[in-house]
S.K.: 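One structure, pasted below without further comment.
Note that the structure is a prediction, hence the values are computed from the model and not measured. Here is the naming used below: chain letters follow the sequence lines, and residue numbers restart at 1 for every chain.
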Protein chains: 2
Amino acid sequence: MISPKSTKKQRPRTHAEINEYRRKSLVEGALRSLAEYGVSGTTVSTICTAAGSSRGLLGHYFATKDEVMVAALEYLFGQISLMVKESLDKFDGTAVEKLHQMPSVLFTAPVFTQLNRTAFLALWHETRFNDQVRVANRQLYRNYILRVERMFTAAARELGLKIDARRAALGLIAVSDGLWLGLSIHDDVITGEQAIEICQNYITRELKLD
Amino acid sequence: MISPKSTKKQRPRTHAEINEYRRKSLVEGALRSLAEYGVSGTTVSTICTAAGSSRGLLGHYFATKDEVMVAALEYLFGQISLMVKESLDKFDGTAVEKLHQMPSVLFTAPVFTQLNRTAFLALWHETRFNDQVRVANRQLYRNYILRVERMFTAAARELGLKIDARRAALGLIAVSDGLWLGLSIHDDVITGEQAIEICQNYITRELKLD
DNA sequence: AAATGTTTGTTGAACGTCCAACTTTTTTAT
DNA sequence: ATAAAAAAGTTGGACGTTCAACAAACATTT
């Protein structure tokens with residue numbers, strides 16, 4: 001059984017704080033339950049236990065379990081996007097260097113954790129079988145593709161290259177998704193370092209740098 | 001509700017035939033139930049209904065539901081491997097041409113069907129949360145990597161090239177897995193043709209043909 | 001004291017497993 | 001070759017469990 005995540009800040013007092021805290025707890029609890037037990041093993045009980053609340057509280061914040069799943073997907077996707085963005089912003093370099101740096105961010109902590117990988121796999125499954133989750137994921141996915149596409153466009157402009165930025169973006173996302181999911185199951189087949197190498201190799205060739 | 005698949009051959013008579021027929025029916029029923037309802041929606045009832053048998057029969061052929069899942073993964077993986085192998089054997093060409101042809105096989109029917117894609121995603125999820133399925137998948141995956149690696153080795157030898165065949169194989173598998181799973185959710189984001197193009201593009205660059 | 005947040009109790013439906021009765025095929029005895 | 005016995009295959013209901021959703025009671029903040 002998952003134990004509730006230890007809270008760093010002290011327990012919130014006002015209603016506004018409580019609302020935010022509980023919603024976040026429940027969403028994070030859902031992610032941890034999904035990562036631990038999978039889709040079929042995740043129930044309202046396991047989510048609430050992981051969130052450190054009682055069984056019934058979920059109904060206070062979400063109308064249905066599906067709604068929690070949507071919120072969990074948006075939260076996970078948003079957190080990862082934010083972490084990637086922050087890491088790349090911190091990394092001060094050209095557009096080419098930033099693009100090249102991206103796989104390192106994707107395949108190291110705090111993005112590349114067992115929790116994130118496994119929860120992502122479970123939610124990916126949900127995306128196929130849960131209409132609400134699918135709709136939410138489609139939009140997130142579209143935006144993700146656009147962001148990567150823009151990175152390729154910027155890098156190509158820097159190099160004075162003409163490339164098919166969309167195809168390049170789709171390819172890179174496919175490679176990294178494939179490695180993310182493959183690695184989420186078989187840690188012993190590929191290491192994170194190899195994954196980074198494969199992705200960087202892809203970028204290098206797409207930008208004709210070799 | 002899924003209707004049982006229409007049988008082409010007439011009803012089997014001998015015990016040996018019946019055993020084979022029923023086992024296959026149940027495994028295919030499991031795949032169709034997984035593709036239709038996902039992991040959480042697949043029950044002994046849905047499997048047996050899809051297989052055209054009564055609820056109780058599953059216990060006669062498999063000790064547990066998990067055992068059916070393992071059999072379903074092995075069956076699906078085996079069927080796809082066989083179809084790819086047959087398509088490539090039929091295609092009479094050099095090792096380079098065969099490798100180049102592989103994505104076309106992976107991303108067109110009868111390999112690239114909604115049933116196969118969706119069942120595969122569901123089983124991939126199972127692989128993470130079901131020990132028996134994970135063990136089975138690990139071996140299947142290893143063999144798959146080795147086969148693709150050998151194709152790259154053969155192609156490189158033909159071209160008089162020195163390449164990292166294993167990394168090339170892992171990369172191609174990652175791309176195609178990513179596209180398979182991405183496409184199985186969002187048909188409108190990428191088409192099969194684009195997926196083939198992206199994979200062939202990867203192979204071309206790995207073999208330094210551009 | 002009113003509103004909001006939270007826990008606990010209840011309900012009906014659906015689940016997987018088990019199993020006793022039934023049908024069909026195969027073996028044995030004549 | 002035929003009939004009886006045995007084995008194998010199949011069915012659907014009973015059982016105990018678990019679930020999501022609902023309802024009611026309790027606690028805390030405003």
S.K.: Atom CG of A:L57 and atom C1' of D:dC26: how far apart are they, to the nearest Å?
M.R.: 14 Å

S.K.: Going from CG on B:D177 to CG on B:L172, what distance comes out if it is rounded to the nearest 0.5 angstrom?
M.R.: 9.0 Å

S.K.: Counting heavy atoms not belonging to A:D188, are there more than 12 under 6.0 Å from its CG?
M.R.: yes

S.K.: Where along residues 59-69 of chain B does a heavy atom fall under 4.0 Å from DNA chain D?
M.R.: B:H60, B:Y61

S.K.: With respect to the side chain of B:R55, which nucleotide from C:dT8, D:dA14, D:dA8 is positioned closest?
M.R.: D:dA14

S.K.: Decide yes or no for B:M69 and B:V39: does some side-chain heavy atom of the first lie under 4.5 Å from some side-chain heavy atom of the second?
M.R.: no

S.K.: Tell me: OH of B:Y37 to C1' of C:dC15, nearest whole Å?
M.R.: 16 Å

S.K.: If I take atom CD in residue B:E20 and atom P in nucleotide D:dA8, what distance separates them, rounded to the nearest angstrom?
M.R.: 18 Å

S.K.: Using 4.0 Å as the upper bound for N to carboxylate O, is an ion pair formed by B:R167 and B:E206?
M.R.: yes

S.K.: In whole angstrom, what separates B:I18's CD1 from C:dT24's P?
M.R.: 11 Å

S.K.: Would you call the rings of B:H125 and A:H125 parallel, tilted or perpendicular if under 30° counts as parallel and over 60° as perpendicular?
M.R.: tilted

S.K.: Which of the following nucleotides, D:dT10, D:dC19, D:dT11, is nearest to the side chain of B:S53?
M.R.: D:dT11

S.K.: Looking at D:dT10, I'd like to know if its phosphate oxygens (OP1 or OP2) sit under 4.0 Å from a side-chain N or O belonging to B:S54.
M.R.: no

S.K.: Given atom CG of B:L58 and atom P of D:dG9, what is their separation to the nearest angstrom?
M.R.: 15 Å

S.K.: Is the shortest side-chain N/O distance from A:R22 to OP1 or OP2 of C:dG5 below 4.0 Å?
M.R.: no

S.K.: Under 3.5 Å, is there a donor-acceptor pair between the side chain of A:E67 and the main chain of A:T64?
M.R.: no

